[in-house]
Protein chains: 2
Amino acid sequence: MSQLDTVQRILDAAEVLFAERGFTETSLRTITSTAGVNLAAVNYHFGSKKELIQAVFERFLTPFTTSLDAELARLATEEGSLQLDDLLQSLYRVALAGLASQGRDPKRFMRLLGLAYTQSQGHLRRFIVSRYGDSYRRFAGSLATALPHVDPVTFYWRLYFMLGATVFSLSSFDAIEAILREDFGAESSLEETLARLAPAAVAMLTAPVPTEGE
Amino acid sequence: MSQLDTVQRILDAAEVLFAERGFTETSLRTITSTAGVNLAAVNYHFGSKKELIQAVFERFLTPFTTSLDAELARLATEEGSLQLDDLLQSLYRVALAGLASQGRDPKRFMRLLGLAYTQSQGHLRRFIVSRYGDSYRRFAGSLATALPHVDPVTFYWRLYFMLGATVFSLSSFDAIEAILREDFGAESSLEETLARLAPAAVAMLTAPVPTEGE
DNA sequence: TGGCGGTTAAAACAAACGTTTAAATTGTTG
DNA sequence: CAACAATTTAAACGTTTGTTTTAACCGCCA
């Protein structure tokens, strides 16, 4: 066993490279060489490239969803009715703190999440849904009960709007930030951006629902 | 010359396949075989795979941006001050009508736009920015003047939030629609979804800006 | 020390990729 | 009809891909 476990070195390298280039664009040879391990190590420890991809997601989604579940349970017992702001802030706090505490970049996970959606990779979508679908539905349900005056279909579309706004803007955070810094000379931290995103998301979720026949 | 131009048959096939699977996941052999043309035709007519990708985007972005520019100019002369709703409705109308009139699927272009952002493909991003950056900035500028009370940095972040919500939700339209149809038995057309998206986007753009020191 | 499971190593595998070549074919023009 | 350019075709090119193989190496317990 080298200074660091071979499995973790592979996961570390794969996580960074996948986020930078995507799955198909990242070869096992690039991963193993930057990880400093033998090429065959991936197939030995993970079985295949697909399973490596899943393992990368499992490593950050499992602690994330368990933290989110715990936070949600805490909120539910603490207050009688769940407030929209509290829910969103829980989501962001868990995402930021839970991951940053491990010394890993939250933006990277947003990029990975974005890739999971946009790159076809049917096996990944199935893996995530089957593994973390319950947590997702739990959070969506809490959000829905905090918005009783919004009909379910409209609510779920808005939830996807919010998801899109979050994943898209945060996964391209560095690129967008660079543009804004050049054009306005204003730096934006991730925290500031979340502080901008939260009220925008709230406004979108709570917007008045247009009457049907209009 | 066969019944249809070889160049257009390649573009048609590539457009569909790229939207379905992504760029790297779609091989030239798959494209040429579904197009019913010889493998070498791509390199002969387009030069390389990269240039084929750019040609696919050029074919739908050029008419789209020129229509949008015209619509924007029409709005500017018609009314003195541009209204936010009008701008967004112009955007959607142009996107829907301009493309559907050619018998092409608007959702497909949203998927392609999403891919252009998320798949690394640096050459594509450069191509789009250099070619259509002016139109984009023109539209963003019109949008900004319709929101005078929102500071520039916040405005641009919200613009990206809106972009993300749009691209993300519409590029996954079929998948989301299938889920909602199963869970609630409610079908959603693209028009209905845009009718939901527009007020949500307006709410997000016009949300009160939190005071700095808060 | 001897052997044994777990791990690493180098090499090779077949398959798929984008691209190029050179010949065959087609279309057009004088 | 002849001749030339444009296009299509089939075949091969060299690389790169994920995966497999087989031997070497390691730490550990009997």
Side-chain angles (χ1 to χ4, degrees), chain A residues 1-58 112 115-116 119-127, chain B residues 1-58 112 115-116 119-127:
Chain A
M1 196 178 305
S2 20
Q3 46 183 13
L4 221 104
D5 209 72
T6 303
V7 171
Q8 294 209 5
R9 301 185 62 173
I10 294 176
L11 285 174
D12 288 341
E15 183 180 294
V16 173
L17 291 168
F18 283 155
E20 279 178 358
R21 322 180 181 185
F23 306 119
T24 332
E25 294 82 357
T26 306
S27 69
L28 293 184
R29 282 169 176 82
T30 311
I31 295 173
T32 51
S33 70
T34 63
V37 303
N38 188 272
L39 167 62
V42 169
N43 291 280
Y44 178 79
H45 287 286
F46 296 93
S48 66
K49 188 182 181 180
K50 285 186 180 181
E51 291 169 281
L52 169 62
I53 295 175
Q54 295 176 4
V56 167
F57 277 83
E58 185 178 27
L112 287 173
L115 288 179
Q119 312 244 127
S120 43
Q121 298 286 350
H123 71 96
L124 222 198
R125 201 182 286 232
R126 283 192 296 272
F127 173 78
Chain B
M1 193 179 306
S2 18
Q3 47 181 13
L4 222 105
D5 209 70
T6 303
V7 172
Q8 294 207 7
R9 300 184 63 174
I10 294 176
L11 285 174
D12 288 341
E15 183 180 294
V16 173
L17 291 167
F18 284 155
E20 280 178 358
R21 324 181 180 182
F23 307 117
T24 331
E25 295 82 358
T26 305
S27 71
L28 292 184
R29 283 169 174 83
T30 310
I31 295 174
T32 52
S33 69
T34 64
V37 302
N38 189 272
L39 167 62
V42 169
N43 290 280
Y44 177 77
H45 286 285
F46 296 93
S48 66
K49 187 182 181 181
K50 285 186 179 181
E51 290 169 281
L52 169 61
I53 295 176
Q54 295 176 4
V56 167
F57 276 83
E58 185 178 29
L112 288 173
L115 288 179
Q119 312 244 126
S120 43
Q121 298 285 351
H123 71 95
L124 221 199
R125 203 182 287 232
R126 282 192 296 274
F127 172 79

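Letters A, B, ... mirror the listed sequences (proteins, then strands); counts begin at 1.
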(request) Under 4.0 Å between any heavy atoms, over every strand shown, what does A:Ala40 touch: base, sugar-phosphate, or nothing? Just pick one. (result) base
(request) Mind running a 4.0 Å heavy-atom check of residues 26-33 of chain A against DNA chain C and sending the residues that fall below it, in number order? (result) A:Arg29
(message) In whole Å, I'd like the distance from the CG atom of A:Leu39 to the C1' atom of D:dG18.
(response) 8 Å
(request) Measure the distance from CG on A:Asn43 to P on C:dA9 and round it to the nearest whole Å. (result) 15 Å
(request) Could you pull out all residues at least two apart from B:Glu58 that satisfy salt bridge (charged side-chain N to carboxylate O under 4.0 Å, His left out)? (result) B:Arg131
(message) Between B:Thr6 and D:dT7, is there a contact of a side-chain N or O with OP1 or OP2 at under 4.0 Å?
(response) no
(request) Nearest 0.5 Å please: distance from the CZ atom of B:Arg126 over to the CD atom of B:Gln54. (result) 9.0 Å
(message) Checking the side chain of A:Arg21 only, and the main-chain atoms of A:Thr26 only, is there a donor and an acceptor separated by less than 3.5 Å?
(response) no
(message) In whole Å, I'd like the distance from the CZ atom of A:Phe23 to the P atom of D:dT17.
(response) 17 Å
(request) Quick one: pull up CG in B:Asp12 and CG in B:Leu17 and give me the separation to the nearest 0.5 Å. (result) 10.5 Å
(request) Check the distance between D:dG18's P and B:Glu25's CD and give it to me in whole angstrom. (result) 12 Å
(message) So, taking the atom named CG in B:Leu28 and the one named CZ in B:Phe46, what distance separates them when rounded to the nearest 0.5 Å?
(response) 10.5 Å
(request) State whether the side chain of B:Lys49 and the backbone N or O of B:Asn43 hold a donor-acceptor pair below 3.5 Å, judged by distance alone. (result) no
(message) Short of 4.0 Å, heavy atom to strand atom, which residues of residues 45-53 of chain B count as contacting DNA chain C?
(response) B:Ser48, B:Lys49
(message) Classify the ring geometry of A:Phe57 against A:Phe23: parallel below 30°, tilted from 30° to 60°, perpendicular beyond 60°.
(response) tilted
(request) Write down the distance between CZ (A:Arg21) and P (D:dT17), rounded to a whole number of angstrom. (result) 10 Å
(request) Write down the distance between CZ (A:Arg9) and P (C:dT8), rounded to a whole number of angstrom. (result) 10 Å
(request) Any chance you could measure B:Glu25, atom CD, to A:Glu25, atom CD, to the nearest 0.5 Å? (result) 6.0 Å
(message) Would the distance check show the side chain of B:Lys50 and the main-chain N or O of B:Leu124 forming a donor-acceptor pair, the cut-off being under 3.5 Å?
(response) no
(message) Nearest to the B:Tyr44 side chain among D:dT7, C:dT8, D:dT19, which nucleotide is it?
(response) D:dT7
(message) Of the options D:dA10, D:dA11, C:dA9, whose atoms approach the side-chain atoms of A:Asn38 most closely?
(response) C:dA9
